[in-house]
Amino acid sequence: MMEFINEIRSRNSVLFVFGAVSWIFAIIFLVLSATTEIKVQQVNAWYKPFKFAVSIAMYAWSMAWFVHYLQSWSPSYFQWTVVIMFGFEIVYIGWKAAQGEQSHFNVSTPFHSAMYAMMAIAASVVTAYTAYFGYLFFVNDFPELPSHYITAIRWGIVIFVIFSFQGFLMGSRLSHTIGGADGGPGLPILNWSTKWGDARVAHFIGMHALQILPLLAYYLFKNTRVTMIAVVFYLLLAVAALVQALKGRPLVQLQPPSDQHSSAVDEA
C-alpha cells in the first residue's frame with residue numbers, strides 16, 4: 001500500500017496532497033456522522049460531504065496517476081484548477097452540513113443561489129478540463145503501455161465526463177429523487193432512494209468508470225477486445241440506471257410507493 005501511495009506522490013505531488021487532504025476530510029465527516037445528530041431532510045447531514053470528499057479524493061489520485069503518462073503536457077493549470085474548484089466544494093458542502101442546511105438545490109436566498117451556481121460552475125470547469133485531458137489520451141500514442149489499459153483510461157474518462165454532466169439533470173430539477181421528494185428512505189450512507197427513482201445512481205456509476213475500467217483492464221481483462229466489450233456493458237449499465245431512475249423506479253425497492261405518487265409518475 002505504501003508503495004502505491006509513494007508512486008502517486010512521485011507522479012504528481014499537488015494532486016497527491018489534495019487527494020490526501022480530501023481523504024482526511026472524509027474521515028472527519030464520517031466520524032461526525034457517527035457522533036452528531038445534525039440532519040438535512042431527515043438524513044444525517046454529514047453523509048453528503050463524506051461522499052463528496054471520498055469521490056474527490058479518488059478523482060484527484062486517479063488524475064495524479066494518469067497525468068504521468070502525458071510526458072509532453074504540463075499539468076500545472078489543470079492540477080490547480082482541480083484543487084481550487086473541488087476544494088471550494090468540499091469546504092462549502094461541509095460548512096452547510098454543520099449548519100444543518102442544504103448545499104445543493106438550495107436557492108432559498110440570493111446568497112445560497114449564488115453559491116449553488118458557483119458549485120455548478122466549479123464542477124463544470126473541472127469536467128470540461130477532464131474532457132480535454134481525455135482528448136490528449138486519444139491523440140497521443142503510448143507504445144510503452146498495454147493497449148487494453150490505455151483503451152480503458154480513454155473510455156473511462158469519456159464515460160466520466162458524460163455522467164458528470166448528467167448532474168445538470170438533477171440541478172435543473174432541484175432534486176435528485178424522481179417520483180417523490182428528496183430525503184425519504186434510502187440505502188445506508190449512499191442514501192439512494194429505496195422508494196423512488198434516484199438520478200444519483202447513474203451519476204455515481206458513470207463517474208467511477210474513471211477508476212473501475214482501468215483497474216479491471218489492467219489486472220483482469222488484459223485484452224483490448226474484452227476491455228471494449230466491458231466498456232460497452234459498463235456504459236449500458238449506467239444508461240440503464242438512468243432510465244430506471246427517470247421512470248421513478250429505485251435501484252433497490254424496499255418500500256413501495258403510495259398509490260397517489262405512483263399515479264403521478266405514470267401520468268408524467
- is_close_aromatic(Phe16, Trp65), centroid dist under 6.0 Å: no

- Tyr59 and Phe160 aromatic ring geometry - parallel, tilted or perpendicular at 30°/60° bounds: parallel

- Message: Within the supplied structure, the quantity of interest is the number of heavy atoms (other residues, nucleotides, ligands) at a distance under 6.0 Å from Tyr135 OH; does it exceed 12?
- Response: no

- Task: Using modelled atom types only, decide if a donor and an acceptor are shared between the side chain of Ser33 and the backbone of Leu30 within a distance under 3.5 Å.
- Result: yes

- Message: Tell me if the CH2 atom of Trp61 is crowded by more than 12 foreign heavy atoms within 6.0 Å.
- Response: yes

- Query: More than 12 foreign heavy atoms under 6.0 Å from CD of Gln71: is that the case here?
  - Reply: yes

- Message: Angle between ring planes, Trp46 versus Phe29, binned at 30° and 60°: parallel, tilted or perpendicular?
- Response: parallel

- Assign the ring pair His208 / Phe204 to parallel, tilted or perpendicular, where the plane angle (0 to 90°) is split at 30° and 60°. tilted

- Message: Are there over 12 heavy-atom neighbours, none belonging to Glu3, within less than 6.0 Å of that residue's CD?
- Response: no

- Task: For atom CD of Gln42, decide whether the heavy atoms of other residues, nucleotides or ligands shown that lie under 6.0 angstrom number more than 12.
- Result: no

- Using modelled atom types only, decide if a donor and an acceptor are shared between the side chain of Thr177 and the backbone of Gly180 within a distance under 3.5 Å. no

- Find the distance between CE (Met58) and CG (Leu210) and round it off to the nearest 0.5 Å. 8.5 Å

- Would you call the rings of Phe78 and Trp73 parallel, tilted or perpendicular if under 30° counts as parallel and over 60° as perpendicular? tilted

- Query: So, for Phe133 and Phe137, is the gap between ring centers shorter than 6.0 Å?
  - Reply: yes

- Could you note down all residue pairs passing side-chain hydrogen bond (donor to acceptor under 3.5 Å, both in side chains) where residues 78-95 supplies at least one of them, sequence neighbours left out? Asn12-Gln79

